[in-house]
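Quick caveat, the model's predicted, so the values are computed rather than measured. Every chain is numbered from 1 and lettered A, B, ... according to where its sequence line falls, protein lines coming before strand lines.
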Amino acid sequence: MSKIEKLRGFKDYYPEDMQKREQIFSIMRETARNFGFLPIDYPSIELLEIYKIKSGDELLKQTYNFRDKSNREVTLIPEATPSTMRMLVARKDLIKPVKWYNIPKLWRYEEPQSGRNREHYQFNVDYFGETGVEVDVEVIALACETLDRLGLKNMYTVRINDRNLMEKILTKIGSQNIPSSISVIDHFRKESVESIKEKLAREGINGENLEKFIEFLSRSYPLSDIDEAFDKIGLELLNDRDYKEMRSELQSIYDKGYENVVYDPSTVRGLSYYTGIVFEGFDNEGKFRSIFGGGRYDRLSSLFEGQETPAVGFGMGDAVLENLLREKGLWQVENTEVSYFVIGMGKEGKKRAGNILYDLRRMKKTASMENSDRNISNSLKHASSMNFSHAIIVGEKELKENSITVKNLNSGEQKMLSLNNLSEL
RNA sequence: GCCGGGUUGGGGUAGGGGAUAUCCUUGGGGACUGUGGAUCCCCGGACCCGGGUUCAAUUCCCGGACCCGGCCCCA
């Protein structure tokens with residue numbers, strides 16, 4: 001075993017996996033572009049300070065931070081939002097709305113576990129400067145469309161909720177501490193009902209209110225069941241503005257063809273800065289952590305010394321996505337690319353093969369050539385195991401006739417082609 | 001930071017206080033100097049690290065590293 005070891009929690013990517021990753025990333029980029037989002041990028045290291053603005057010590061403990069040679073406290077970026085915010089508030093001339101995406105590498109210093117490494121990529125999308133149902137919908141729909149294009153249609157469910165609505169419910173049923181109650185609800189699926197009840201009781205939620213609320217939390221609601229659920233909990237919220245907005249968002253997402261979306265009161269997201277809609281995507285079987293998550297955070301920009309700018313966005317990590325795609329048998333790359341392996345025989349043959357190789361490349365064809373002294377049998381074996389779609393053979397016969405032999409390695413068919421007609425390939 | 005389970009060639013494994021460490025696969029080569037995937041043959045390649053016990057440790061004990069999973073946290 002080598003003494004040069006990989007760092008804990010990091011992963012290598014060999015071509016067989018890297019090709020799939022690149023394919024996934026191009027689907028993400030293309031989908032974002034189709035939705036009118038533009039690419040940005042930012043450094044992988046930031047001053048530790050910018051994470052202190054919106055987060056507590058807990059996050060700082062989990063960053064890859066260090067002092068640089070000028071003794072500045074810096075960190076490998078643990079999340080995308082602060083850098084994006086920094087860029088947004090630094091430019092006052094940007095035309096609104098600002099629609100940005102990117103796929104940064106992020107780092108977190110914590111114990112590796114399933115779907116979580118110390119380094120990962122996150123597809124990050126943000127929409128700044130506008131509010132309203134259709135804005136939220138656009139962001140959620142982009143997440144859905146991306147997953148659909150990855151082949152996951154009907155294999156995931158988006159759970160949405162609204163922070164404002166949740167706060168109204170909590171107030172009405174007697175919560176004395178909204179943020180603290182939110183964080184109890186955030187653990188709803190992880191802890192026993194008894195433990196949740198006990199904690200909510202401590203927040204001031206008791207009696208019939210508590211029973212009804214627990215029942216309300218216990219399931220999620222497709223479009224058809226929401227009114228009934230809100231009627232049943234009896235808080236007279238059916239005509240509430242936030243309720244109606246949440247409801248029409250659900251309706252709109254559904255109408256756009258993304259039907260696996262439900263209202264889920266237990267989806268609240270742990271983070272304190274969300275101000276409106278929050279959402280998370282899960283695989284239908286509930287085997288993995290969330291595939292993506294996000295929400296509206298209209299007040300965050302003001303913490304970065306900018307004006308208050310409406311914002312909604314999501315992050316989609318590569319690790320859970322990879323787990324899910326592997327489980328669904330969607331991790332293979334179907335190699336449909338046409339590629340050539342040029343085999344020259346003898347000194348003259350090799351020389352000619354070399355020239356053809358570069359002609360092919362200038363024609364934007366993918367091509368390599370045999371540079372070992374193998375016999376033709378082994379060369380073909382090699383070309384085949386390297387997944388070339390075609391072999392081009394240049395031997396004595398071809399040299400004489402100024403031609404090449406093109407062999408399709410999948411079908412076995414082969415034909416002669418004059419050098420003058422190389423463009424017919 | 002905490003808890004559980006692991007670690008034998010590149011991958012998957014067998015074994016076991018003393019032996020040339022098993023088998024499959026991958027990789028390289030050949031049979032096959034102008035036609036691949038089959039078959040056969042040959043070759044290369046491993047006991048995670050450190051300490052302890054012992055005449056002797058890859059095997060037993062302790063510690064560490066790493067891997068898998070869980071907790072905390074989740075941006």
Query - B:rC67 OP1/OP2 closer than 4.0 Å to side-chain N/O of A:Arg8 - result: yes
Query - A:Lys381, nearest nucleotide to its side chain (from B:rU35, B:rG30, B:rG1) - result: B:rG30
Query raised in the report: So, do A:Tyr121 and A:Phe25 have ring centers that fall under 6.0 Å from each other?
Result: yes
Query raised in the report: So, is A:Asn375 near the phosphate of B:rU33, with a side-chain N or O under 4.0 Å from OP1 or OP2?
Result: yes
Requested in this report: With RNA chain B as reference, determine whether A:Ser114 or A:Ser372 sits nearer its 5' end, using the nearest nucleotide of each.
Outcome: A:Ser372
**Report entry** Spacing of the C1' atoms in B:rU13 and B:rC72 (rounded, Å)
**Finding:** 37 Å
Report summary line: 5'-most contact on RNA chain B (nearest-nucleotide basis), A:Glu413 vs A:Tyr109, goes to A:Tyr109
Report summary line: Side-chain atoms of A:Thr405 come closest, of B:rG36, B:rG34, B:rC72, to B:rG34
Query raised in the report: Taking atom P in both B:rU53 and B:rG12, what distance in whole Å separates the two?
Result: 35 Å
Report task. Would you classify A:Gly349 as touching base, sugar-phosphate or nothing, given that sugar-phosphate means primed atoms plus P, OP1 and OP2, and contacts are heavy atoms under 4.0 Å? Result -> nothing
Report task. Would you indicate what A:Leu106 reaches in the nucleic acid, counting non-hydrogen atoms under 4.0 angstrom: base, sugar-phosphate, or nothing? Result -> nothing
Query raised in the report: Given the P atoms of B:rC43 and B:rC24, what is the spacing between them in whole Å?
Result: 14 Å
Query raised in the report: A:Phe292 has an atom CZ; how far is it from atom C1' of B:rC74, in whole Å?
Result: 17 Å
Report summary line: Which of B:rC73, B:rG34, B:rU35 is nearest the side chain of A:Glu110? It is B:rC73
Query raised in the report: Looking at B:rG36, B:rC74, B:rG70, which one has an atom nearest to any side-chain atom of A:Arg116?
Result: B:rC74
Query raised in the report: Which nucleotide in the list B:rC71, B:rU35, B:rC73 gets nearest to the side chain of A:Ile393?
Result: B:rU35
Requested in this report: Establish, with yes or no, whether the OP1 or OP2 oxygen of B:rC74 is under 4.0 angstrom from a side-chain nitrogen or oxygen of A:Gln62.
Outcome: no
Query raised in the report: Are the ring centres of A:Phe388 and A:His382 closer than 6.0 Å?
Result: no
Requested in this report: Tell me what A:Glu398 touches on the nucleic acid: a base, only sugar-phosphate, or nothing, going by heavy atoms under 4.0 Å.
Outcome: base
Query - N or O in side chain of A:Asn378 less than 4.0 angstrom from B:rG30 OP1/OP2 - result: yes
Requested in this report: Calculate the interatomic distance between A:Ile376 atom CD1 and B:rG30 atom P; express it in whole Å.
Outcome: 14 Å
Requested in this report: For nucleotides B:rC74 and B:rA21, find the distance between their C1' atoms and express it as a whole number of Å.
Outcome: 47 Å
Report task. Pick base, sugar-phosphate or nothing for A:Gln122, based on heavy-atom distances below 4.0 Å to the nucleic acid. Result -> nothing
Requested in this report: Find the distance A:His382:NE2 to B:rU35:P and express it as a whole number of Å.
Outcome: 19 Å
Query raised in the report: Checking all strands, does A:Asn408 fall into the base, sugar-phosphate, or nothing category for heavy-atom contacts under 4.0 angstrom?
Result: base
Query raised in the report: Given the C1' atoms of B:rG45 and B:rG29, what is the spacing between them in whole Å?
Result: 15 Å
Query raised in the report: Looking for any heavy atom pair under 4.0 Å, which part of the strands does A:His120 touch: base, sugar-phosphate only, or nothing?
Result: nothing
Report task. Just name whichever nucleotide pairs with B:rC40, Watson-Crick or G-U, keeping both distances under 3.5 Å, else none. Result -> B:rG30
Query raised in the report: According to the interplanar angle, ranging from 0 to 90°, do the rings of A:Phe292 and A:Phe279 count as parallel (below 30°), tilted (30 to 60°) or perpendicular (above 60°)?
Result: tilted
Query - Interatomic distance at P, B:rA56 relative to B:rG18, whole Å - result: 14 Å
Query raised in the report: Taking atom C1' of B:rG69 as reference, at what distance in whole Å does atom CZ of A:Arg289 sit?
Result: 10 Å
Query raised in the report: Taking a pair as Watson-Crick or G-U wobble with both distances under 3.5 Å, which nucleotide is matched to B:rC2?
Result: B:rG70
Requested in this report: Output yes when A:Arg118 and A:Glu110 qualify as a salt bridge under the 4.0 Å nitrogen-oxygen rule, no when they do not.
Outcome: no
Query raised in the report: Tell me: CD of A:Glu111 to C1' of B:rC73, nearest whole Å?
Result: 12 Å
Requested in this report: Say whether, by atom type as modelled, one donor and one acceptor occur between the side chain of A:Ser411 and the main chain of A:Glu413 under 3.5 angstrom.
Outcome: yes
Report summary line: Across every strand shown, the nucleotide meeting Watson-Crick or G-U wobble geometry with B:rG17 (both distances under 3.5 Å) is none
Query raised in the report: Roughly, in whole Å, what's the span from NE2 in A:His390 to P in B:rG36?
Result: 17 Å
**Report entry** A:Phe304 six-ring face occupied by A:Arg86 cation (under 6.0 Å, within 45°)
**Finding:** no
Requested in this report: Let me know the distance between NZ of A:Lys350 and P of B:rG34, rounded to the nearest Å.
Outcome: 12 Å
Query raised in the report: What is the nucleic acid contact for A:Gly412, judged by heavy atoms within less than 4.0 Å: base, sugar-phosphate only, or nothing?
Result: base
Query - Complement of B:rC23, any strand, by Watson-Crick or G-U distances under 3.5 angstrom - result: B:rG12
Query - Charged tip of A:Lys365 within 45° of A:Tyr340 ring normal and under 6.0 Å - result: no
Query raised in the report: In whole Å, what is the span from the NZ atom of A:Lys190 to the C1' atom of B:rC72?
Result: 9 Å
Requested in this report: Identify whether any heavy atom of A:Leu409 sits under 4.0 Å from a base atom; if not, whether one sits that close to sugar-phosphate; answer base, sugar-phosphate or nothing.
Outcome: base
Requested in this report: Ignoring hydrogens and angles, tell me if any N or O in the side chain of A:Asp298 forms a donor-acceptor pair with the backbone of A:Ala311 under 3.5 Å.
Outcome: yes
Requested in this report: Looking at every strand, decide which applies to A:Arg374 at a 4.0 Å heavy-atom threshold: base, sugar-phosphate, or nothing.
Outcome: sugar-phosphate
Query - Interatomic distance at P, B:rC47 relative to B:rG11, whole Å - result: 12 Å
Query raised in the report: Between B:rC61 and B:rC71, how far is it from one P atom to the other, in whole Å?
Result: 30 Å
